[in-house]
J.: 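Below: one structure in structure tokens.
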Amino acid sequence: MIFGLFSAQSQAEEHRHNKLWRISAAVLGAVTIADMQSSVGRQEANPFLASQNGQFSGRGMALNGAGVGAMLGVQYLMLRKHPQADKYAAGANFAAAALTGAIVVHNHMVK
């Protein structure tokens, strides 16, 4: 019974630490969606995300979403093995969200 209590306590601490990463992943996802919304139908500066006519469209959305999803997926797998690294992963997500947020603001100012 005592081992069960210690196990439950460690799982609760792991969940509490993991919460910051989950919040950062949600923020990054929301900012990525805002970036896509602010870019659709406009000329895309990144040739990898641009369609044949140079605009940001479905292809760019798919590649952008896949990139963010892959990054979060790799982090998730890493955090399953090393849960103590959640602060670093969350920091990377918040930094990426801040950079993407600046791009969203720029896109809306150019409109």
Side-chain angles (χ1 to χ4, degrees):
M1 183 173 181
I2 291 175
F3 291 120
L5 289 174
F6 284 125
S7 175
Q9 182 181 1
S10 70
Q11 287 177 355
E13 288 177 10
E14 181 179 323
H15 179 69
R16 193 172 31 235
H17 292 298
N18 202 5
K19 187 175 182 181
L20 180 64
W21 178 78
R22 290 175 190 245
I23 291 169
S24 72
V27 169
L28 180 58
V31 172
T32 300
I33 291 170
D35 177 37
M36 289 185 208
Q37 182 274 329
S38 70
S39 299
V40 170
R42 304 179 75 194
Q43 287 299 113
E44 178 58 46
N46 184 347
F48 187 67
L49 298 177
S51 62
Q52 290 179 351
N53 63 0
Q55 293 184 342
F56 185 81
S57 61
R59 177 181 183 268
M61 291 174 82
L63 291 173
N64 199 0
V68 172
M71 183 176 87
L72 292 176
V74 167
Q75 287 178 359
Y76 175 78
L77 293 174
M78 179 194 69
L79 291 176
R80 286 181 62 192
K81 187 165 182 140
H82 304 287
Q84 69 277 10
D86 64 336
K87 293 179 189 97
Y88 301 109
N93 291 344
F94 284 129
L99 180 63
T100 306
I103 294 169
V104 170
V105 170
H106 174 266
N107 288 347
H108 282 292
M109 289 178 65
V110 172
K111 278 188 177 180

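This structure is a prediction, so every number in the text was calculated from the model and none was measured. Position 1 is the first residue of the sequence, and the numbers go up from there.
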J.: For side chain to side chain contact (heavy atoms under 4.5 Å, CB included), just list the numbers for Gln75 and Leu72, CA-CA rounded to whole Å, side-chain angles, deciding distance to a tenth of an Å, and then say yes or no.
T.: CA-CA 5 Å; Gln75 287 178 359; Leu72 292 176; 3.7 Å; yes

J.: With rounding to the nearest 0.5 Å, note down the distance linking OG in Ser57 to CG in Leu49.
T.: 10.0 Å

J.: Within the side chain of Ser39, is there an N or O that forms a donor-acceptor pair under 3.5 Å with the backbone of Met36?
T.: no

J.: Of all heavy-atom pairs between Asn107 and Arg42, which one has the smallest distance, and what is that distance?
T.: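 So the minimum-distance heavy-atom pair works out to O-NH1, 2.7 Å.
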
J.: Does Ser24 use its side chain to pair, donor to acceptor, with the backbone of Trp21 at less than 3.5 Å?
T.: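 Side chain of Ser24 to backbone of Trp21: a pair is present.
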
J.: Measure the CZ-OH distance between Arg22 and Tyr76 for me, rounded to the nearest 0.5 Å.
T.: 7.5 Å

J.: First locate atom CZ of Arg59, then atom OG of Ser51, and finally report the distance between them rounded to the nearest 0.5 Å.
T.: 8.0 Å

J.: In Å and rounded to the nearest 0.5 Å, what is the OH to CG distance from Tyr88 to Leu79?
T.: 12.5 Å

J.: What is the minimum heavy-atom distance between Met78 and Ala89, and which atoms define it?
T.: CE-CB, 4.3 Å

J.: Which heavy atom in Pro47 sits nearest to a heavy atom in Ala45, and how many Å separate them?
T.: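 Taking every non-hydrogen atom into account, CD-O, 3.2 Å.
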
J.: Which heavy-atom pair separates Ile103 from Asp35 by the least distance, and what is that distance?
T.: CG2-OD1, 3.7 Å

J.: Quick one: pull up CG in Asn53 and CD in Gln43 and give me the separation to the nearest 0.5 Å.
T.: 7.0 Å

J.: Are the side chains of Gln55 and Glu44 in touch, meaning some heavy atoms are under 4.5 Å apart?
T.: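 Side chain of Gln55 against side chain of Glu44, heavy atoms only: no contact under 4.5 Å found.
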
J.: Using the side chain to side chain contact (heavy atoms under 4.5 Å, CB included) rule, take Leu77 and Lys81 through it: C-alpha gap first, then chi angles, then the decisive distance, then the call.
T.: CA-CA 7 Å; Leu77 293 174; Lys81 187 165 182 140; over 6 Å; no

J.: When clusters are formed by joining ILVMFWY residues with side-chain heavy atoms under 4.5 Å apart, either directly or through shared neighbours, do Val74 and Met71 land in the same one?
T.: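 Shared cluster, no.
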
J.: Surrounding CD of Gln52 (heavy atoms of other residues, nucleotides or ligands, distance under 6.0 Å), is the total greater than 12?
T.: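 No, the 6.0 Å shell around CD holds no more than 12 heavy atoms from other groups.
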
J.: Could you check Leu28, Val27, Leu20, Val68 and say which one makes a side-chain contact (heavy atoms from CB on, under 4.5 Å) with Asn93?
T.: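 By the side-chain contact (heavy atoms from CB on, under 4.5 Å) criterion, Asn93 pairs with just one of Leu28, Val27, Leu20, Val68: Leu28.
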
J.: Assigning hydrophobic clusters by single linkage (Ile, Leu, Val, Met, Phe, Trp, Tyr; side-chain heavy-atom cutoff under 4.5 Å), is Val40 placed with Phe48?
T.: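 Yes, it is one cluster - the side chains of Val40 and Phe48 are joined through contacts under 4.5 Å.
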
